[in-house]
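One structure is given here, and the rest of the page talks about it.
Basis for what follows: all heavy atoms, side chains included, without hydrogens, waters or symmetry-related copies.
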Protein chains: 2
Amino acid sequence: MQISTKGKYAVRAILNIAHHPKETPVSLAAISKEEGISLLFLEQIFQSLRKGEIVRSLRGAHGGYVLARDPSDITIGEIVRLLEPPLYTSSCFSKHEAVDDCRIADSCLGFVLWKQLAELVDGFLDSITIADMVTQARPEVVYSLRVKSNRMLPEKARKETSPEPLEVV
Amino acid sequence: MQISTKGKYAVRAILNIAHHPKETPVSLAAISKEEGISLLFLEQIFQSLRKGEIVRSLRGAHGGYVLARDPSDITIGEIVRLLEPPLYTSSCFSKHEAVDDCRIADSCLGFVLWKQLAELVDGFLDSITIADMVTQARPEVVYSLRVKSNRMLPEKARKETSPEPLEVV
DNA sequence: AATAAACTTGACTTTTTTAGTCAGGTATCT
DNA sequence: AGATACCTGACTAAAAAAGTCAAGTTTATT
Ligand code: FES
Ligand code: FES
């Protein structure tokens, strides 16, 4: 389970743009140089970001990219989802079935588990905006995340019949 | 960002074993059949699980695997970490540097961001034990996860985004 | 002791995904 | 016009994930 460089690069690039004055376009060439990311790769990434309406492009000489919305209206989650495959793609099995489409999901514990995990991650990443990150010069102060009670219902009658065997097609 | 099938299979397999009486070994052949997972692949996975002291092996006829510890002492996180590369491997860049080893980490926002994410995920997965999952016949009731404050800047009042207790009803 | 069930090991192959590249554009500013 | 910079889609190389294989070793049972 990893975040791809594509996702990380995208966040870095957007952060870079966000550090510039609101209306001055930033060229990919500049970002490439500053962040040490391949220009060609950036171009590919920015197509997704543009289509996802995270950035707007200004073509021509002295053109570049500009945030399409207010930094406080762009979340890390949005960016990451544009560039990563979804964390929660499918059932317990690889990819045989579409999301939420396993016909034995009701009796499947893994189903709930992975789905909860995906929602947790999305919730976290969606709770952080670009504005949050640029107004923060340094990260030292940044913390207040706390998981309160994250247990799976501990109190439940012990069941004795085996769960129906999970059949595979 | 995905959980690999290896990790999912491992959890499924362990759950399968946990559903059997405490001291009866379960053979991989049986798990393979019931869960629809390649026997050869399972063997590979179980090497990791054994080294990680999640299971013990009993060789010979009627042998198989048995949980090495009490189900309430084995967390999903432990299992997953044995089979997945760590979520938080490195810096903002691909893999040029070791964990926590970036020399500009102090001034890097991404550093904190991805690290927090990794801790969130690990915290979640570590909070769920095998016992939690087997005492639960069905998943419908399963929830009580709550993220208290899931943002980076506490003083900034913003819209309430924290994931509602995820209802799986 | 012989047999057979079942685990053990390490290497191997195949498939899929990630990361990065390329060529040949189009739009816009000066 | 010329330079700058985005646009598009396909392409390739490298790495990781998923799955396989062969040749064992260990132990229960007969
Ligand atoms: S969701 Fe289909 S088996 Fe778990
Ligand atoms: S640049 Fe090294 S951790 Fe971000």
Side-chain angles (χ1 to χ4, degrees), chain A residues 1-10 12-13 17 24-33 35-52 54-66 68 80 82-87 89-90 92-96 168, chain B residues 1-10 12-13 17 23-33 35-52 54-66 68 80 82-87 89-90 92-96:
Chain A
M1 193 187 175
Q2 301 250 145
I3 295 253
S4 71
T5 61
K6 221 158 158 177
K8 290 187 191 172
Y9 282 177
R12 285 171 61 78
I17 293 179
T24 39
V26 184
S27 77
L28 292 190
I31 296 174
S32 169
K33 202 170 160 192
E35 307 284 346
I37 302 171
S38 150
L39 172 62
L40 267 5
F41 200 20
L42 273 179
E43 288 189 336
Q44 191 189 286
I45 291 170
F46 269 73
Q47 292 320 304
S48 304
L49 292 175
R50 190 176 50 81
K51 279 168 193 155
I54 304 290
V55 296
R56 265 185 316 122
S57 70
L58 304 183
R59 303 174 79 156
H62 305 311
Y65 287 94
V66 153
V80 168
L82 281 174
L83 294 156
E84 306 270 333
L87 169 55
T89 47
S90 64
C92 309
F93 302 96
S94 301
K95 273 138 205 182
H96 307 137
V168 177
Chain B
M1 193 187 179
Q2 300 252 143
I3 295 253
S4 72
T5 62
K6 222 158 159 177
K8 290 187 191 172
Y9 283 176
R12 283 169 64 77
I17 293 179
E23 294 298 341
T24 40
V26 184
S27 77
L28 293 190
I31 296 175
S32 169
K33 202 169 161 191
E35 307 284 347
I37 302 171
S38 152
L39 172 60
L40 271 1
F41 201 21
L42 273 179
E43 290 189 334
Q44 191 187 287
I45 291 169
F46 270 72
Q47 292 319 306
S48 304
L49 292 175
R50 192 177 50 81
K51 282 170 192 153
I54 304 292
V55 297
R56 266 184 317 122
S57 70
L58 304 183
R59 303 175 78 155
H62 304 317
Y65 287 93
V66 152
V80 169
L82 281 174
L83 294 155
E84 305 270 332
L87 169 55
T89 47
S90 63
C92 309
F93 302 97
S94 303
K95 274 141 203 178
H96 308 136

Atom-to-atom span, CD1 of A:Ile17 to C1' of D:dA5 - whole angstrom: 13 Å

Residue closer to the 5' end of DNA chain C, A:Gly7 versus B:Val26 (nearest nucleotide): B:Val26

Touch class at under 4.0 angstrom, heavy-atom based, for B:Phe46 against every strand present: nothing

Upstream residue (5' side of DNA chain C) when B:Gly63 and A:Leu40 are each assigned their closest nucleotide: B:Gly63

Atom pair CD (A:Glu43) and CZ (A:Arg50), whose distance is rounded to the nearest 0.5 Å: 11.5 Å

Whole-Å gap separating P (D:dT20) and CD (B:Gln47): 17 Å

Whole-Å distance separating the CD1 atom of B:Ile37 from the P atom of D:dG19: 9 Å

Side-chain N,O (A:Ser38) to OP1/OP2 (C:dA19) below 4.0 Å: no

Backbone N/O of A:Tyr65 and side chain of A:Ser57: donor-acceptor pair under 3.5 Å: no

Closest to side chain of A:Glu43, choosing from D:dC6, C:dT18, C:dC7: D:dC6

Sub-4.5 Å side-chain heavy-atom contact between A:Thr5 and A:Phe41: yes

Nucleotide D:dT20, atom C1' - distance to CG of B:Leu28 in whole Å: 15 Å

Gap between atoms CD and P, on B:Gln44 and C:dG10 respectively (whole Å): 12 Å

Short side-chain N/O contact from A:Ser27 to OP1 or OP2 of D:dC6, under 4.0 Å: no

Spacing of A:Leu83 atom CG and A:Leu49 atom CG [to the nearest 0.5 Å]: 5.5 Å

Spacing between A:Arg50 atom CZ and D:dG9 atom C1', to the nearest angstrom: 13 Å

N or O in side chain of A:Ser4 less than 4.0 angstrom from C:dT18 OP1/OP2: no

Nearest heavy-atom neighbours spanning B:Leu39 and B:Ala29: CD1-N, 3.8 Å

Pairwise distance NZ(A:Lys8) to CZ(A:Arg12) - rounded to 0.5 angstrom: 10.0 Å

Least distance between heavy atoms, A:Ser48 atom then A:Leu82 atom: O-CD1, 3.8 Å

B:Phe41 side-chain proximity, nearest of C:dC7, C:dT18, D:dA18: D:dA18

Atom pair distance, as rounded to whole Å: NZ in B:Lys6 and C1' in C:dT16: 15 Å

A:Tyr9 side-chain N/O to C:dT18 phosphate OP1/OP2 under 4.0 Å: no

Contact letters for nucleotides 25-30 of chain D, in which S counts primed atoms plus P, OP1 and OP2 and B counts the base, heavy atoms under 4.0 Å: BBBSS-

D:dA18 OP1/OP2 closer than 4.0 Å to side-chain N/O of B:Thr5: yes

Check: A:Ser38 side chain, A:Leu40 main-chain N or O, donor-acceptor pair, under 3.5 Å: yes

Distance, rounded to the nearest Å, where A:Gln2 contributes CD and C:dT18 contributes P: 11 Å

